[in-house]
Amino acid sequence: GVSEMSDFGLQVFTPSGKALNVADASPLQFIRKIPRSEVSFTTGASTTFDFTSQVPAGVQIVVWTDFAAVIIDSPIYLDYRVMPVNIAVADRKVTISVPGYGTGNWGPRETPTGFWIFAVYPQPVTSDGWGLYVDAGGAFPAVVNSAAGLFMTAQYSITFTGRYSLNCSENAMVFCHCNDDGIGLYFDRNTRQIIGYKPAGKQWGTVGGFSVPLKICVFDVKTPTIPDWGLMIYGADGGVSFTSQEVPLVIRQWASLPSAVGNWTTFTAPASTPMIPVASMGAKTIDRSYIWKVNLAMNSQHIGYGPGALLMQVGDNILTEQEQIPYKGKTVPVIWGSDYF
C-alpha cells in the first residue's frame, strides 16, 4: 500500500510503493575506504586523514569499520591482549589510533580490514545554488560528488538461518532488523555475507542454529538513474546527484551503544521496525580461555551486543576476563523499516 503523503515536502517512492518524504532525509555519501595498509597499528601509533578539501564545513563525518579492535600476541606466550582501535573525528579530520602496549605483534585476521568514510548531510550546507531546499518541509542536501551517492539498491525479507549472501559492493551500508537479541549480527565485506552467531555454552560464537525473520536494506554507491520524467538535481561537480527515481537513506535516530555486554539502548520508535548496520564492536574474554568478537545485536525494542566469531582459544584459566569495546557510548545510525517495507 501507499503511505500517507506529507502536507509539504518532496516525495519519492520505494519499490514497495511506500511514499518517502525526502524532506526528512539524512543521506550518507561515500567518501572513501581507508585500507588497513594505510593505518599504523604499532604501539602508540596515530594516523590522521584530512577530508576538509572533499567535504564542506558543517558536514558530519561517519567512520564505519568491521572490527574495532586488534589482538596483540606478545613475545610471552601467555600474554594476549585485546587493544581498542580509537576513532576520533574533529572538523572533517579522522584520527585512528591504538594505545601504547609495549611489545607484541598482531595478525591480519585480528585487525580491521578497513575503515569506510561517509559524510552525513542532514541539513543544507551551503546556499550557493547547489542542491534543493524545501522551505518549512525540511531539506534535501547539496551533494558534492555525483558519483558517490548512497541509494537503496536492494531489500530482502527472509528467513535467516545463519548466513545470507547479498548482491552489493564492499562499500555498501547494510541495515538489518532482527527481533532476537540473542543473535550477534555481522556483515562480512569480503564475502558480502550477513552472518548470525548464537551463544552455545563456551562456544559463544556458533554460526546458525536458529531460524528468524530478517529484514535487510542495502544502500550502495551508484550513479543516479536518469528517469524518463521526474526531478533531477545537479551536484556541485556538475553531475546528476539525485533524481526522483532514487530511494535515499533516511536516518531516524542516532542510537548510543551501551557501556557493556548485557546492557541495552532503547529505540525511539520500536513500532517502526528499527534497522541497524551490523559489524563487530570489539572483543570479550570468556572463561579466561576464549577471546570472541562482540557483534551488534538487537530486537524490535533495543540495540546492544551479542556473540561473534572465535578469535582464539589459548588454554584454561590463563587470560584476563575483560571486554574491549571501543564503540561503547558512540552512536550508530538507525533507519525505520516501515519507511521501506
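- Without hydrogens or angle criteria, Thr43 side chain to Gly102 main chain gives a donor-acceptor distance under 3.5 Å.
- Between Arg288 and Glu321 there is no salt bridge, since no side-chain nitrogen of the basic residue lies less than 4.0 Å from a carboxylate oxygen of the acidic one.
- When atom types are taken as modelled, the side chain of Thr243 and the backbone of Gln245 share a donor-acceptor pair closer than 3.5 angstrom.
- A distance of 11.0 Å separates CG of Leu310 from NZ of Lys293, quoted to the nearest 0.5 Å.
- More than 12 heavy atoms of other shown residues, nucleotides or ligands fall within 6.0 angstrom of atom CG in Asn179.
- In this structure, CD in Glu246 is found 10.0 Å from CE in Met152, a value given to the nearest 0.5 Å.
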Please assess Cys178 against Leu185 for the test side-chain contact (heavy atoms from CB on, under 4.5 Å), listing each intermediate value before the final yes or no.
CA-CA 9 Å; Cys178 176; Leu185 296 168; 3.9 Å; yes
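- A continuous path of ILVMFWY side-chain contacts below 4.5 Å connects Met281 to Val85, so both sit in one hydrophobic cluster.
- Checked against a 6.0 Å centroid threshold, the rings of Tyr197 and Tyr186 do not count as neighbours.
- Formation of a donor-acceptor pair under 3.5 Å by the Arg252 side chain with backbone atoms of Ile335 is not found in this model.
- Grouping the Ile, Leu, Val, Met, Phe, Trp and Tyr side chains by contacts below 4.5 angstrom, directly or via other members, places Trp336 apart from Leu249.
- Atoms CD1 and CE, from Ile291 and Met312 in turn, are 5.0 Å apart once rounded to the nearest 0.5 Å.
- Under the 4.5 Å side-chain contact rule for hydrophobic residues, Val207 and Tyr290 do not share a cluster.
- No donor-acceptor contact under 3.5 angstrom links the side chains of Arg192 and Ser165, judged on distance only.
- A donor-acceptor contact closer than 3.5 angstrom is absent between the side chains of Trp264 and Asp181.
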Can Gln322 and Thr285 be said to form a side chain to side chain donor-acceptor pair (under 3.5 Å), step by step?
CA-CA 5 Å; Gln322 62 166 310; Thr285 306; 4.8 Å; no
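- In this structure a side-chain-to-backbone donor-acceptor pair under 3.5 Å is missing from Gln60 to Ala119.
- Looking at Thr48 and Thr95, their side chains do bring a donor and an acceptor atom within 3.5 Å of each other.
- Taking the six-membered ring where tryptophan is involved, the planes of Trp292 and Trp204 are perpendicular, since the angle between them exceeds 60° and thus also 30°.
- Ile195 and Leu166 sit in two unconnected hydrophobic clusters of ILVMFWY residues. Membership requires side-chain heavy atoms under 4.5 Å apart, directly or through other members.
- Hydrophobic clustering (side-chain heavy atoms under 4.5 Å, transitive across Ile, Leu, Val, Met, Phe, Trp, Tyr) groups Trp254 together with Trp64.
- In this structure, Thr65 OG1 and Ile87 CD1 are separated by 5.5 Å, a value rounded to the nearest 0.5 Å.
- Judged by distance alone, the side chains of Ser289 and Asp287 never bring a donor and an acceptor atom under 3.5 Å apart.
- Here CZ of Phe160 is found 6.5 Å from CD1 of Ile194. Values are rounded to the nearest 0.5 Å.
- One N or O on the side chain of Gln253 and one on the backbone of Thr268 form a donor-acceptor pair closer than 3.5 Å.
- Within the 4.5 Å cutoff, the side chain of Phe118 has no heavy atoms near those of the Ile31 side chain.
- The ring of Tyr340 has its center closer than 6.0 angstrom to the ring center of Phe219.
- Residues Ser40 and Thr42 have side chains that bring a donor and an acceptor to within less than 3.5 angstrom of each other.
- Atom NE2 of His177 sits about 8.0 Å away from atom CG of Asn299, to the nearest 0.5 Å.
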